[in-house]
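Only one structure is covered here, and it is reproduced in the block below.
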Amino acid sequence: MQIDIDKCVGCGGCVNLCPQIAIHFFDNKACIDQFRCTECRTCVIACGMGAPNVSCRFPQAIIFTEA
Amino acid sequence: MANQYDIVVVGAGPAGLMVSQIAAKKGLKVLLVDQKKDIPKILRSCCCNLIIEPGTHKEVVTYSSGEIRFQNNNFVVPYAGSVIPLKNSFKVSPGGQALTIKGKSPEGNVAISYEKEALVNGLFSIVQKNKNIEILCGLQAVKAENVKGGVKVTFRDREKNFTFEGKVAVAADGVNSKVVETLGLNEKRRKFFARFRVCSFHMENVDCPYPDSWITFVGTGHTRTKRGQLYMCPKPHEGITDPPVYELTLGVPVAATVEAVSTRDELDYFTTKGRFSGWFKNMKIVDVRAATLNFYTPLINPIEGNVVVVGDSAAFIETYVQGAMMYGFQAGNAIVKYLSTGSGLEDYADAWKESFEYNDPEEIKRASQGFGLHVLKDHDIDYLFGLTRGDDIRGYVNEFSDPITTRTALLSHLDQIKKERPELGAVLEKFSQVSVDDALQVDSRKKKH
Ligand SMILES: Cc1cc2nc3c(=O)[nH]c(=O)nc-3n(C[C@H](O)[C@H](O)[C@H](O)COP(=O)(O)OP(=O)(O)OC[C@H]3O[C@@H](n4cnc5c(N)ncnc54)[C@H](O)[C@@H]3O)c2cc1C
């Protein structure tokens, strides 16, 4: 997942709800750590602004190495 | 290497700022941490009305000349911003009928609209001036643990984790509190209702036929998904009150499995194609805010070991900004007492149990009855609101009492309704019979575990 920062208003809703703790606050916007994200889509469901989107799919290998 | 403070405060909203200020004034060493870069900058939706109904949270809150006064707790908070007194609360039906609640305060107000940024700015500048408070921005709390002699809180920035230890930690990280979650306290709540998504537009040039008022758009036809609650009221904007900026807010419950329409798109729809789009023909959006909120019943006990939970962290968004400050004040004083005498945290827990409305299941029941309006058909709401034309209904903007005010106003016409629309009469009467058990039904999901 990635955040479209033009759509994100920085409400922080997804940050505390992400089960992987993959989203942090950077410059008052949400920012997704690509190494932690498992594309579970929690943020997509949480966000009313349509800011998170699936614009990159990480190779499984990277996720496994990180975990 | 752990760092030792008297108090580690997580979250610098109204609650966290208040606790820090009270504790540091008594000489305690405070670490205050927020994930935002600019603490006073408000990014999240908040209608920010001062709830002036006496007795709310067992307190009497008033505003006059630059001060918000908490009568029973006997303290004041400076507020240097502007205000707009709201004179009426209008509930507007889909067909444009209005149920009008007039202000019940001595000044004839239903609430006072103020600017959260100005309030938080004031609190923040007090905190910044106190040398006993160290402030860290841009760090997110990810975990809190009770350890021997205190609490260990783990934070992180983009790359690294940091651990700080306090004799006491304060969870003031708001409605989706990470501290509360990692301590396992959400499991102990009575009920999880739903997750809400919120979006608000702040707009100039709104052609609003109800000035100086709190407006609730009732009925299902305002959004494409036919769900959600819509509110609007004038706001001071960067100190300016005339002409006012209008804040329009939509809150929608979302099911975890459904990818609902974006709340922003729903507001676009309401303002351009909705039934009241005429009001917004010339409007210009000056700010957009949002929120995503997990809606739980309050924590029955706001203390876990040496962690003290304050404000929204303990109770969805119903503590209000003023409650966040009041409970922050009470928690701060209780912590000061605890660290000097070894006891006193219970003072805060007792005050919380005693004064926060939704700790009483009967209050939750009353609230669910009033909001029974949502089960009505749009044309029924038109009919009902039409009946109240000319009624002298008095009340406040306050979610604890508003449902009762509305229900009483409608039920005063029950005889006529039963005669003219017997089925609707029956539905209305049923609202009064929701049991506490129904209102608070334990999730079937939870029961299985
Ligand atoms: C749509 C809406 C309308 C509302 N209308 C009103 C109203 O009319 N009147 C009223 O009085 N109240 C209203 N409220 C409620 C009000 O906003 C809250 O009750 C109040 O802000 C609670 O203050 P708090 O300090 O407990 O939490 P917050 O104000 O939420 O502050 C929490 C702070 O913690 C920070 N934080 C969060 N997570 C972390 C983390 N993991 N690590 C570090 N920092 C973190 C946040 O950045 C934030 O600064 C409304 C709320 C909403 C959503």
Side-chain angles (χ1 to χ4, degrees), chain A, chain B residues 11 34-39 41-46 137-143 154-159 161 173-182 195-200 228 250-252 254-267 287-294 313:
Chain A
M1 295 291 157
Q2 274 185 338
I3 299 287
D4 181 338
I5 57 164
D6 292 332
K7 288 187 179 165
C8 174
V9 295
C11 78
C14 60
V15 178
N16 281 352
L17 296 175
C18 171
Q20 308 301 329
I21 320 184
I23 312 182
H24 57 272
F25 233 55
F26 184 69
D27 249 356
N28 291 345
K29 302 259 179 183
C31 179
I32 301 183
D33 181 342
Q34 299 303 323
F35 290 99
R36 282 175 186 255
C37 174
T38 60
E39 309 215 334
C40 71
R41 307 180 73 78
T42 302
C43 54
V44 178
I45 295 160
C47 181
M49 311 304 283
N53 55 64
V54 203
S55 58
C56 81
R57 193 151 245 304
F58 253 79
Q60 290 292 311
I62 295 179
I63 295 166
F64 287 142
T65 342
E66 273 299 300
Chain B
D34 200 287
Q35 66 188 9
K36 285 195 287 191
K37 194 175 72 168
D38 317 302
I39 286 176
K41 180 118 190 85
I42 302 302
L43 302 159
R44 206 197 66 188
S45 293
C46 171
C137 303
L139 287 189
Q140 181 199 1
V142 290
K143 197 163 80 176
T154 308
F155 295 91
R156 54 156 206 180
D157 67 6
R158 228 172 166 175
E159 283 116 27
N161 279 359
D173 48 342
V175 58
N176 306 319
S177 171
K178 204 71 187 174
V179 174
V180 167
E181 170 72 25
T182 58
R195 182 172 291 177
F196 271 82
R197 304 202 311 198
V198 179
C199 181
S200 21
L250 168 70
V252 192
V254 278
T257 47
V258 184
E259 280 182 30
V261 187
S262 106
T263 34
R264 189 188 171 129
D265 289 350
E266 291 284 38
L267 277 189
D287 202 359
V288 179
R289 293 182 190 168
T292 297
L293 322 146
N294 273 350
S313 301

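Scope of the values below: all heavy atoms of this structure, side chains included, with no hydrogens, waters or symmetry mates. Each chain gets a letter, A, B and so on, in the order its sequence line appears, and its residues count up from 1.
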Practice prompt. Could you check B:R156 against B:N161 for side-chain hydrogen bond (donor to acceptor under 3.5 Å, both in side chains), going step by step and ending with a plain yes or no?
Written response: CA-CA 4 Å; B:R156 54 156 206 180; B:N161 279 359; 5.5 Å; no

Discussion item. Go through it in stages, so that I can follow the logic: the residues are A:I32 and A:Q2, the test is side chain to side chain contact (heavy atoms under 4.5 Å, CB included), and I'd like the CA-CA distance, side-chain angles, deciding distance and then a yes or no.
Written reply: CA-CA 6 Å; A:I32 301 183; A:Q2 274 185 338; 5.8 Å; no

For residues 16-28 of chain A, run the donor-acceptor check on the side chains, cut-off 3.5 Å, and write out each pair with its distance to 0.1 Å, sequence neighbours left out.
unit_1: A:N16; atom_1: ND2; unit_2: B:N176; atom_2: O; d: 3.3
unit_1: A:D27; atom_1: OD1; unit_2: B:K37; atom_2: NZ; d: 2.7
unit_1: A:N28; atom_1: OD1; unit_2: B:K37; atom_2: N; d: 2.8
unit_1: A:N28; atom_1: ND2; unit_2: B:D38; atom_2: OD2; d: 2.8

Item to complete: Go through A:G13, A:G48, A:A46 and name the one with the most non-hydrogen pairs under 4.5 angstrom from chain B.
Response: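 That would be A:G48.
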
Worksheet item: Is it the backbone or the side chain of A:C47 that comes under 4.5 Å from a heavy atom of chain B, or both, or neither?
Response: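 For A:C47, the contact with chain B is made by the backbone alone.
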
Fill in: Largest heavy-atom contact set with chain A, pairs under 4.5 Å, which of B:E266, B:K178, B:R289, B:E181
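Sorted descending by pairs with chain A, the first entry is B:K178.
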
Discussion item. Tell me which of these, B:R158, B:R264, B:K41, has more heavy-atom pairs under 4.5 Å with chain A than the rest.
Written reply: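 Top count of heavy-atom pairs under 4.5 Å with chain A: B:R158.
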
Worksheet entry | Atom pair SG/CD1 of A:C14 and A:I45 - distance to nearest 0.5 Å |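 Taking SG in A:C14 and CD1 in A:I45, the distance rounds to 12.5 Å.
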
Fill in: B:A290: side chain to side chain contact (heavy atoms under 4.5 Å, CB included) partners, not counting sequence neighbours
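Partners of B:A290 by the side chain to side chain contact (heavy atoms under 4.5 Å, CB included) criterion, ordered by chain and then number, come out as A:V9, A:C11, A:M49.
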
Fill in: Which portion of B:Q35 sits near chain A, non-hydrogen atoms under 4.5 angstrom
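Backbone plus side chain of B:Q35, per the 4.5 Å heavy-atom cut-off to chain A.
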
